[in-house]
Amino acid sequence: MNITKQKDGSRLTVSIEGSLDIRTAPDLSKALEGELDDVDEVYFDLGGTSYTSSAGLRVLLKTFQVMEAKDGRMVLKNVNEDLYDVLKLSGFVDFLEIEND
Amino acid sequence: MKKIKDVMPKGLAGKLVRFVVIFVFLMGLVFFIMSRIQVGQLKKAVRQEGEKSSDLIEGEYSQSMDMINKESLLQLSIWAADKTDDEFWIIDHDMRSLGNQVADIYKHPENYNRIPVHGPKKENAGKFVLQALYPGDPADTAPETVEMLERLANLEPMMAEMVEGNEGYTLDLYIATLDDVTLAMDMLSDGKYDENGKLKEYIPSSRPWFQGAVATGDMYVSSAVHSFFYNMNEVVYGYPVYVDGELVAVLEASTALGVIERKMSERNIGSEGFSILVSKGGQLVCTQRTDGELVMREDMAEDIRGSVNPGLAELIDTALLGESGVDQVTVDGKEYYAAYAPLNTIGWTQITFASVDELTEPTNKLLETMEDSNDDMLRTLSNDFRFHSILLIIGLLAFMQFAIIVVSLLAQKRVRPIQKMTDAVIDFVGQDMAFEMKDVYRTGDEIEELAESFDVMSRKMKEYVAEIVENAAEKERAKAEMEAASQIQFKMLPSIEPDYHGKPGYELYVAMETAKEVGGDLYDFYYLDDDHLVITIGDVSGKGITAALFMALSKQKLKAEMILHNGNVAEAMDAANKRLCEESADAMFVTVWQGVLTLSTGELQFVNAGHMYAAVKRDGGDFKIEPDEHCMLMGGLDFINYKVNTTTLKKGDVFYLYTDGVTEAHNDAEELFGDDRFLAALNENSNATLEELDKTVRKRVLEFADGAEQYDDITTICFRYTGLES
């Protein structure tokens with residue numbers, strides 16, 4: 001998995017390439033540590049994400065909780081079909097903002 | 001060798017000694033090579049200098065020597081030729097004087113008395129005596145001829161003086177009359193007789209000198225001829241005497257070639273030098289050669305230019321033009337300098353030959369001497385170098401010996417603390433990990449630092465070892481606790497036997513396989529009352545003890561709220577979700593499928609909170625993934641209103657519930673097991689017992705993973721509605 005972060009003012013864009021599973025999710029969690037304090041918007045670009053397990057979901061949920069707490073936004077971009085299925089399965093999709101280019 | 005080996009210190013000290021030995025050896029080698037190079041250069045310089053001198057001598061020096069040789073040779077040759085010519089000039093002069101006297105007698109006979117002349121008398125042999133020679137009987141001689149002979153006899157003293165005064169060169173003097181009577185002045189009175197004691201008949205007019213003189217009308221000089229009276233070769237002169245333009249007599253003189261040759265040979269150059277006399281016509285007159293190209297010819301009239309080598313012939317040509325010069329020619333295959341000069345009186349040439357080898361010998365000798373001296377110097381240099389090399393090697397060996405001893409002593413002293421320390425460290429490793437600082441290590445250098453480091457290390461090691469032992473114990477304890485936790489967790493989960501087996505209305509099968517000691521999956525089933533059976537399956541995100549705790553909490557909350565809400569599954573889950581959100585730490589969540597099956601009717605009310613869709617087999621058909629109204633997983637957001645799905649099961653319909661460990665099992669190629677393989681496994685024999693169905697699914701998952709490590713727990717619940725007998 002490859003994580004790219006880009007901070008643009010109060011917006012943080014995180015691009016994730018590869019599989020976001022129980023082995024790699026801690027990496028993403030670590031990558032986000034401290035990054036969320038001074039941002040209002042977090043964009044996850046999942047265009048290169050092949051797969052996510054519940055562990056990955058948990059990181060997204062945690063980020064969502066943090067952003068909710070401070071009235072910020074969390075947006076998922078370029079969510080592919082498989083990923084969407086997983087989000088849908090979790091029921092999470094009802095609460096998420098999803099933007100596809 | 002063995003001795004040296006014994007003496008050589010071991011270990012570090014040995015290395016130090018070896019280093020010194022190698023260092024000294026290398027120094028010596030460098031010194032040796034450098035001196036070798038220097039000697040080489042010196043030798044080269046000497047050799048070059050020698051070659052330069054040799055070249056100089058061979059070149060300019062020998063060239064100048066050559067010039068000097070040639071020049072002096074030419075001068076000598078001119079002088080020698082002059083000397084030879086002198087004799088001819090004297091004869092020429094004498095004959096002309098005598099001719100004038102003879103002419104005067106013929107002109108004025110009355111001025112001269114008659115002196116009787118006699119024929120040759122044997123007893124006069126060896127004395128210069130005037131003799132009258134007649135062509136026939138003396139009595140037949142004309143009286144006026146006799147009278148003239150007697151008057152000519154007045155010239156006896158003059159003729160004797162001329163012959164005696166020029167002894168050697170002038171053998172004789174003749175005055176021949178036109179009627180062949182001869183007046184001869186010589187020492188050979190007896191030679192006029194033949195072996196029978198008879199006077200030889202001598203006809204002057206038949207002699208070449210007579211004919212030559214008459215033909216030229218002036219002094220005639222023959223080339224080499226054989227003497228009539230002497231048994232020798234000679235050069236003969238003829239001089240005609242005229243009175244008022246009338247020939248009256250012819251004079252003769254001769255010179256023995258032997259005499260000229262002897263005189264010429266006295267002026268030869270070197271032991272190999274020689275000289276020759278060549279007449280106008282190219283005849284060889286005199287030579288000192290006894291064989292080869294320049295030997296005296298049998299036919300003395302032969303022009304030798306026809307038989308000698310072309311170079312020599314050309315030289316003779318030039319010489320006979322009356323010139324003088326010097327050139328290099330070959331005679332009988334040997335190189336000679338040939339200097340030629342004319343004999344002006346008679347138009348001949350005298351050529352002086354000097355051996356080139358002989359003349360250049362001093363130069364060659366000088367060169368040889370120089371080369372010898374060069375070789376000597378080079379040899380001396382080599383010998384000196386060899387001697388010094390041996391000295392150097394001996395010196396080096398001695399120095400090495402000295403260095404070994406000194407360095408050994410020094411090294412052993414320096415190395416002693418290290419040896420002690422080494423022993424201590426060996427003990428340290430082998431026994432008690434104790435290293436004690438001692439005074440012997442206090443050397444004030446790196447050794448002391450090393451010892452201090454060892455000291456510190458030994459203490460730290462002891463601490464670490466203690467810590468490791470403690471940690472290991474801790475880990476063992478933790479592991480034991482984990483196992484206990486696992487057992488407790490497992491005991492928290494209900495079992496089919498005995499309460500849920502063979503009960504009316506349903507068949508139930510459950511299986512759980514955890515990837516670690518404690519899992520995050522949960523399941524539950526219980527009766528709300530006789531007709532309502534609650535079935536729950538859930539999957540907590542995360543692993544380990546926290547997941548296990550959250551799982552226990554979830555199971556407990558779900559059941560408590562179900563009971564509190566009297567089986568209203570949506571409300572119960574709303575409430576449970578709120579509780580779990582409160583308790584959740586670090587975004588931990590749980591997906592839950594929870595349903596209530598009414599055994600009497602087959603009605604199934606269930607909520608799916610983010611869990612996998614169930615695979616359902618209806619009406620005896622195949623298993624299918626059956627989509628439902630999905631809701632948010634639990635523990636994530638606390639404001640969720642869960643929606644209930646309601647469906648009615650017919651007898652024989654089967655619900656297969658599972659956690660994502662099934663469909664998300666993966667192989668080494670990172671492929672997921674997926675819904676298609678999952679359904680295919682279920683439908684291999686969809687009418688089998690629940691246990692067989694589940695085992696087939698698990699078997700296929702294992703086959704698919706093919707040894708790849710599974711991270712997720714796999715939990716399955718399978719129930720078949722069988723209906724109540726009414």
Side-chain angles (χ1 to χ4, degrees), chain A residues 1-2 17-34 36 42 44 48-74 76 80-98, chain B residues 515-516 520-521 538-544 546-547 550 573 577 581 584-593 607-614 625 627-643 659-661 663-666 670-672 674-675 709-713:
Chain A
M1 190 185 66
N2 213 352
E17 274 176 48
S19 173
L20 186 57
D21 55 32
I22 190 152
R23 284 170 297 175
T24 57
D27 296 341
L28 178 59
S29 186
K30 203 171 277 175
L32 291 172
E33 236 168 63
L36 302 177
V42 177
F44 283 103
T49 312
S50 54
Y51 163 77
T52 183
S53 74
S54 61
L57 216 53
R58 189 171 154 200
V59 181
L60 295 182
L61 178 60
K62 187 176 168 188
T63 308
F64 183 77
Q65 287 172 344
V66 172
M67 296 315 287
E68 276 281 295
K70 60 179 186 179
D71 283 337
R73 287 172 73 207
M74 184 183 96
L76 302 188
N80 66 36
E81 220 172 294
D82 290 342
L83 228 50
Y84 188 80
D85 286 346
V86 173
L87 292 170
K88 195 178 162 201
L89 202 63
S90 70
F92 201 22
V93 76
D94 299 337
F95 308 96
L96 287 173
E97 280 187 66
I98 295 180
Chain B
K516 289 197 171 161
D521 283 2
D539 182 359
V540 175
S541 66
K543 291 277 162 294
T546 47
F550 197 69
M573 284 178 73
N577 181 48
C581 281
S584 167
D586 201 22
M588 188 162 275
F589 61 78
V590 58
T591 67
V592 176
W593 185 101
V607 169
N608 190 335
H611 197 77
M612 311 301 292
Y613 296 111
I625 300 290
D628 52 33
E629 184 79 32
H630 238 66
C631 296
M632 180 69 184
L633 40 75
M634 302 180 77
L637 304 168
D638 60 3
F639 50 81
I640 310 295
N641 288 312
Y642 288 96
K643 290 173 190 135
T659 55
D660 59 5
T663 47
E664 295 188 6
H666 59 89
E670 297 292 330
E671 290 172 319
L672 298 181
D675 288 348
E709 194 189 349
Q710 298 301 312
Y711 289 95
D712 223 346
D713 303 338

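All values below come from the heavy atoms of this structure, side chains included, with hydrogens, waters and symmetry mates left out. We name chains A, B, ... by the order of the sequence lines, and we start the count at 1 in each one.
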Undergrad: Find out whether A/L61 and B/M588 are in side-chain contact, i.e. whether some heavy atom of one side chain is under 4.5 Å from a heavy atom of the other.
TA: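 Not in contact.
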Undergrad: I want to check something: taking the side chain as every heavy atom from C-beta on, are A/F92 and B/F589 in contact at a cut-off of under 4.5 Å?
TA: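 No - every pair of side-chain heavy atoms lies 4.5 Å or more apart.
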Undergrad: For a quick check, list the donor-acceptor atom pairs closer than 3.5 Å between chain A and chain B, or say none.
TA:
{"unit_1": "A/R23", "atom_1": "NH2", "unit_2": "B/E670", "atom_2": "OE1", "d": "3.3"}
{"unit_1": "A/R23", "atom_1": "NH2", "unit_2": "B/E670", "atom_2": "OE2", "d": "3.4"}
{"unit_1": "A/Y51", "atom_1": "OH", "unit_2": "B/E664", "atom_2": "OE1", "d": "2.5"}
{"unit_1": "A/R58", "atom_1": "NE", "unit_2": "B/D586", "atom_2": "O", "d": "3.3"}
{"unit_1": "A/R58", "atom_1": "NH2", "unit_2": "B/D586", "atom_2": "O", "d": "3.4"}
{"unit_1": "A/K62", "atom_1": "NZ", "unit_2": "B/D586", "atom_2": "OD1", "d": "2.8"}
{"unit_1": "A/Q65", "atom_1": "NE2", "unit_2": "B/G636", "atom_2": "O", "d": "2.8"}
{"unit_1": "A/L89", "atom_1": "O", "unit_2": "B/H630", "atom_2": "NE2", "d": "2.4"}
{"unit_1": "A/S90", "atom_1": "O", "unit_2": "B/L633", "atom_2": "N", "d": "2.9"}

Undergrad: Which bit of A/L87 is near chain B, if near means a heavy-atom gap under 4.5 Å: side chain, backbone, both or neither?
TA: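 No part of it gets close to chain B.
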